[in-house]
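See structure below.
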Amino acid sequence: MPKATVVNMSGTKVGEVELSEAVFGIEPNEDVVHAVVKNHLANCRQGTQSALTRAEVSGGGIKPYRQKGTGRARQGSTRAPQWTHGGIVFAPKPRSYRYTLNKKVKRLALKSVLSAKAAEGNVIVVDELNVPEIKTKTMQSFLAAVNAGKAVLVTPEVNMNVVKSARNIPGVSATTAKLINVYDILNAKQLIVDKAALAVIEEVFA
């Protein structure tokens, strides 16, 4: 049964908690994780790139020189792709890169990264992840106390004090238990979870 250290907001160890075997104790599936990360990055693409084809470039309506007798290759337009300032062959156009994956695949990938973090000892449980006021310095002191680098802070519900206190710290992001995703967890070194959020994760994803 995987375990995690429980700390308070001072960074002091106050106990240990057993993690759900079904969520934090499975054999990570790298292929599924790769598929989900690729899907996430594809869905994040804006797809706004655009270039002009030869039909869309202005000019080039006149034949640049006569067909025969010049010794040069025949040309019909100065906007053909081989010309400087000509159009682009198979020019990229705005499009959506979005595609969907099965829910079971996403769930397996999430369990895989959670299990990998637990196996590395990088899951830190906080008895109550909260700050009394919006203050970056307070959050930095907490993260330093638990030796956290790049980290994802997980609360049971949206906690604006936590979100706003963490948003100016490089590499640190805050989310809720039901919105955690594979990419953010994989991109972070530590997963710092509120004890109440941990119960939600185990209930939702078990």
- Compare all side-chain heavy atoms of Gln49 with those of Pro94 and state whether any distance is below 4.5 angstrom. no
- Sequence neighbours excluded, every pair satisfying salt bridge (charged side-chain N to carboxylate O under 4.0 Å, His left out) that has a member inside residues 80-99: Glu56-Lys93
- Rounded to the nearest 0.5 Å, what's the gap from CD1 on Ile185 to OG1 on Thr175? Could you check? 9.0 Å
- Query: Are side-chain N/O atoms of Asn130 and Asn161 paired as donor and acceptor at under 3.5 Å?
  - Reply: no
Donor-acceptor contacts under 3.5 Å from residues 63-75 side chains, at least two apart:
{"unit_1": "Lys63", "atom_1": "NZ", "unit_2": "Gln67", "atom_2": "OE1", "d": "2.7"}
{"unit_1": "Lys63", "atom_1": "NZ", "unit_2": "Gln75", "atom_2": "O", "d": "2.8"}
{"unit_1": "Tyr65", "atom_1": "OH", "unit_2": "Ala73", "atom_2": "O", "d": "2.7"}
{"unit_1": "Arg66", "atom_1": "NH1", "unit_2": "Lys68", "atom_2": "O", "d": "2.8"}
{"unit_1": "Thr70", "atom_1": "OG1", "unit_2": "Arg72", "atom_2": "N", "d": "3.2"}
{"unit_1": "Gln75", "atom_1": "OE1", "unit_2": "Gln82", "atom_2": "NE2", "d": "2.9"}
{"unit_1": "Gln75", "atom_1": "OE1", "unit_2": "Trp83", "atom_2": "NE1", "d": "2.9"}

- Distance from Lys195 atom NZ to Glu128 atom CD, nearest 0.5 Å? 11.5 Å
- Taking only residues two or more places apart in sequence, or in another chain, which ones meet Asn29 in a side-chain hydrogen bond (donor to acceptor under 3.5 Å, both in side chains)? none
- Task: For the residue pair Leu191 and Asn122, establish whether any side-chain heavy-atom pair is separated by less than 4.5 Å.
- Result: no
- Query: Given a cutoff of under 4.5 Å between side-chain heavy atoms of I, L, V, M, F, W and Y, with clusters grown through shared members, what are the other residues clustered with Ile192?
  - Reply: Val7, Met9, Ile124, Val126, Leu129, Val131, Met139, Phe142, Leu143, Val146, Leu153, Val162, Ile169, Val172
- Query: Going only through I, L, V, M, F, W and Y residues with side-chain contacts under 4.5 Å, is there a path from Leu114 to Val6?
  - Reply: yes
- Please identify each residue that fulfils ring-ring contact (aromatic ring centres under 6.0 Å, His included) with Tyr183, with sequence neighbours left out. His40
- Task: Kindly say whether Val158 contributes a backbone atom to a donor-acceptor pair with the side chain of Thr176 at under 3.5 angstrom?
- Result: no
- So, Asp184 and Asn181: side-chain donor and acceptor under 3.5 Å apart, yes or no? yes
- Answer whether the closest heavy-atom distance between the side chains of Val200 and Phe205 falls below 4.5 Å. no
- Query: side-chain hydrogen bond (donor to acceptor under 3.5 Å, both in side chains) with Asp127: which residues, sequence neighbours excluded?
  - Reply: none
- Which other residues end up in the same hydrophobic cluster as Ile134, if Ile, Leu, Val, Met, Phe, Trp and Tyr are linked when side-chain heavy atoms come under 4.5 Å apart? none
- Item | Contact summary for Val36 and Lys106, nearest pair of heavy atoms | CG2-CA, 4.0 Å
- Message: Connecting only ILVMFWY residues whose side-chain heavy atoms lie within less than 4.5 Å of each other, what is the rest of Phe90's hydrophobic cluster?
- Response: Val89
- For Glu157, does the CD atom have more than 12 heavy-atom neighbours from other residues, nucleotides or ligands under 6.0 Å away? no
- Output the distance between atom OG (Ser115) and atom CD (Glu27), rounded to the nearest 0.5 Å. 9.0 Å
- Message: So does Pro2 get a backbone contact from the side chain of Glu18, meaning a donor-acceptor N/O pair under 3.5 Å?
- Response: no
- So how far is it from Lys111 NZ to Ile26 CD1, rounded to the nearest 0.5 Å? 6.5 Å
- Task: Output the distance between atom NE2 (His34) and atom OG (Ser112), rounded to the nearest 0.5 Å.
- Result: 14.0 Å
- Value for NZ (Lys137) from CD (Gln140), rounded to nearest 0.5 Å, stands at 9.0 Å
- Query: Going by the ring-ring contact (aromatic ring centres under 6.0 Å, His included) test, which pairs reach into residues 147-178, not counting sequence neighbours?
  - Reply: none
- Can you list the residues that meet the side-chain contact (heavy atoms from CB on, under 4.5 Å) rule with Ala51, with sequence neighbours excluded? Ile88, Ala91, Pro92
- Query: Can you name the side-chain contact (heavy atoms from CB on, under 4.5 Å) partners of Ala35, sequence neighbours left out?
  - Reply: none
- Query: Any side-chain heavy atom of Tyr97 sitting closer than 4.5 Å to one from Gln46?
  - Reply: no
- Query: Listed by chain and number, what are the side-chain contact (heavy atoms from CB on, under 4.5 Å) partners of Tyr99, not counting sequence neighbours?
  - Reply: Lys38, Asn39, Ala42, Leu101
